Amino acid sequence: MLLGAIADDLTGATDLALMLSREGMRTIQTVGVPPADFDLSDVDAVVVALKSRTNPADVAVAMSLEALRWLKTAGARQIIFKYCSTFDSTPKGNIGPVTDALARELGTDLTIVCPAFPANRRTIYKGHLFVADQLLSDSPMRHHPLTPMTDSSLVRLMAAQSKLQVGLVSHENVAKGAESVRAAFDEARRRGDGVVVVDAITDQDLRVIGEAVAEFPLITGGSGIAIGLPENFRRAGLLQRDITAGQFEPPDGRAAILAGSCSEATRGQIKAAIEAGMSTLKLDPVDIAQGRMDVDEAIRWALAQEGVPLIYSSADPKDVLAAQDSLGQEKAGEIVEQFLAKTAIGLRENGVRRLIVAGGETSGAVVGALSPSALFIGREIDPGVPWTLTMGDGAPMALALKSGNFGTADFFLKAWELLK
């Protein structure tokens, strides 16, 4: 194995695994830290998917260090800490504390922060993160129920979380090429920076940055930062193959969609599905908590539909706040996640073998319940979202695990075409 990655949620791990596979690395994604005897005989990169984004910081650090130690023992030459392209976090973490801990463990004096993902219109300029043409702080992410992002300055955001001194490598350096970026890194070290935010506007910028960090033990960022890394191993004669995202024979069986994300993108995808005539069942966390809706009822409803059923809890910010006021912020989310996870188990038991799951936290809960040992990365539906095939015991399932903010409006409608 050449490259090891630690992702703070499941959909982000899938996104990163797809990026590495598309750039020529044989990549698998594990669900949690694998056992010591996990077979790595035909693998260039391993992405360990954790569910640590919204855990207490000390828990997230412990989980990430466990993953790091496994990856080092397995032979990883470079480590990526992957988080969301919108830097989803609170003022106390978890991106800063995890970065600090990984840097200490690896003994590195400098790492980078670069969540840019231009294909999904996440860019960084002058250290500020943009979502499409809006600053992060003006985007719908300011209303995120768990990690509301009200500042767009990555330098300020990271400085509030990390004990390391935070600097900036501007786009002027990146535009001049890898040597200019390496010179900026040297200057950052002289200033005493332990971490630097790096501007990136295009995929070419990310390839330049990737070349510049070839010797870094630790890199942090979104999945986009992986674009330029495989070429470093190829240039060094360590990566000979040139492959694309894998093909697999999709399992026969029924299909369904579970959506727990309240992001604007997912709400738009639900709206498009309803307008196209898809059968839908909306969940209310208060109804679930008070026993007016149970998992068996949702499963019976789904199995009674002729087409692809969509079960969703997604709601606009006003309704989310009302549920949080009634149940508590964390409990409202946990109720829905566990409900959808149990629904996924019931659907599998009744022959569902093709499943789309929308939302990072929801995907983590569902995959945790289904318990595959790993995921084989298949064809890309939209930027950052592939079909995957579960590996391990039990009947295989085709899963599309979609970050809440990802995908075009017709995602729930078109994704099935790639399984034909």
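Keep in mind it's a predicted model, so treat the numbers as computed, not measured. What's counted below: heavy atoms across the whole structure, side chains too, no hydrogens, waters or symmetry copies.
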Are the side chain of [X] and the backbone of [Y] linked by a donor-acceptor contact shorter than 3.5 Å?
| X | Y | answer |
| --- | --- | --- |
| Thr390 | Met397 | yes |
| Ser21 | Ala17 | no |
| Gln269 | Phe406 | yes |
| Asp44 | Leu239 | no |
| Arg348 | Ala344 | no |
| Glu337 | Gly260 | no |
| Gln78 | Val213 | yes |
| Ser52 | Asn55 | no |
| Ser137 | Leu135 | no |
| Ser152 | His128 | no |

List the atom of [X], the atom of [Y], and the distance in Å for their closest heavy-atom pair.
| X | Y | value |
| --- | --- | --- |
| Cys262 | Ser314 | SG-CA, 4.0 Å |
| Ala74 | Leu40 | CB-CD1, 3.5 Å |
| Leu418 | Ile381 | CD1-CA, 3.6 Å |
| Pro372 | Val367 | CD-O, 3.4 Å |
| His171 | Asp199 | N-OD2, 2.9 Å |
| Val181 | Val174 | CG2-CA, 3.7 Å |

Over 12 foreign heavy atoms within 6.0 Å of [atom1], [X]:
| X | atom1 | value |
| --- | --- | --- |
| Asp252 | CG | no |
| Arg182 | CZ | yes |
| Glu231 | CD | yes |
| Lys342 | NZ | no |

[X] versus [Y]: any side-chain heavy-atom pair under 4.5 Å?
| X | Y | answer |
| --- | --- | --- |
| Val385 | Phe411 | yes |
| Trp70 | Val46 | yes |
| Val308 | Ile356 | no |
| Pro118 | Leu206 | yes |
| Thr408 | Lys414 | yes |
| Met158 | Thr99 | yes |
| Leu157 | Leu129 | no |
| Met141 | Phe87 | no |

Please determine whether a side-chain nitrogen of the Lys or Arg among [X] and [Y] lies less than 4.0 Å from a carboxylate oxygen of the Asp or Glu.
| X | Y | value |
| --- | --- | --- |
| Lys176 | Glu172 | no |
| Arg189 | Asp109 | yes |
| Asp100 | Lys163 | no |
| Lys331 | Glu334 | no |
| Glu105 | Arg69 | yes |
| Arg234 | Glu23 | no |

Test side chain to side chain donor-acceptor pair (under 3.5 Å) applied to Ser223 and Thr14, Asp15, Thr11, the passing residue
Asp15
Could you give the distance from [atom1] ([X]) to [atom2] ([Y]), rounded to the nearest 0.5 Å?
| X | Y | atom1 | atom2 | result |
| --- | --- | --- | --- | --- |
| Ile79 | Thr220 | CD1 | OG1 | 13.0 Å |
| Ser403 | Asp382 | OG | CG | 12.0 Å |
| Leu68 | Leu218 | CG | CG | 8.0 Å |
| Asp205 | Ile225 | CG | CD1 | 10.0 Å |
| Ile274 | Lys282 | CD1 | NZ | 8.5 Å |
| Leu136 | Asp151 | CG | CG | 8.0 Å |

Should Lys402 and Ser261 be marked as a side chain to side chain donor-acceptor pair (under 3.5 Å) after you check the CA-CA gap, both sets of side-chain angles, and the distance that decides it?
CA-CA 9 Å; Lys402 187 191 80 70; Ser261 169; 5.8 Å; no
I'd like to know whether Ile257 forms a side-chain contact (heavy atoms from CB on, under 4.5 Å) with Met278, so could you lay out the CA-CA distance, the side-chain angles of the two residues, the decisive distance to 0.1 Å, and finally the verdict.
CA-CA 10 Å; Ile257 304 170; Met278 186 175 286; 3.7 Å; yes
side-chain contact (heavy atoms from CB on, under 4.5 Å) between Arg122 and Val131, intermediate numbers included
CA-CA 5 Å; Arg122 273 63 161 168; Val131 177; 4.1 Å; yes
Decide whether Gln161 and Ser89 meet the rule of one side-chain donor and one side-chain acceptor closer than 3.5 Å.
yes
Residue pair Glu361, Lys51: steps toward the side-chain contact (heavy atoms from CB on, under 4.5 Å) verdict
CA-CA 8 Å; Glu361 297 296 317; Lys51 193 174 184 293; 3.1 Å; yes
Students often mix this up, so state it plainly: with edges at 30° and 60°, are the rings of Trp416 and Trp387 parallel, tilted or perpendicular?
tilted
Kindly assign one of parallel, tilted or perpendicular to the pair Phe216 and Phe185, based on the angle between their ring planes and the thresholds 30° and 60°.
tilted
Can you list the steps and then say if Glu211 with Arg207 is a salt bridge (Lys or Arg N to Asp or Glu O under 4.0 Å)?
CA-CA 6 Å; Glu211 182 180 349; Arg207 292 187 185 280; over 6 Å; no
side-chain contact (heavy atoms from CB on, under 4.5 Å) between Cys84 and Asp9, intermediate numbers included
CA-CA 8 Å; Cys84 188; Asp9 83 335; over 6 Å; no
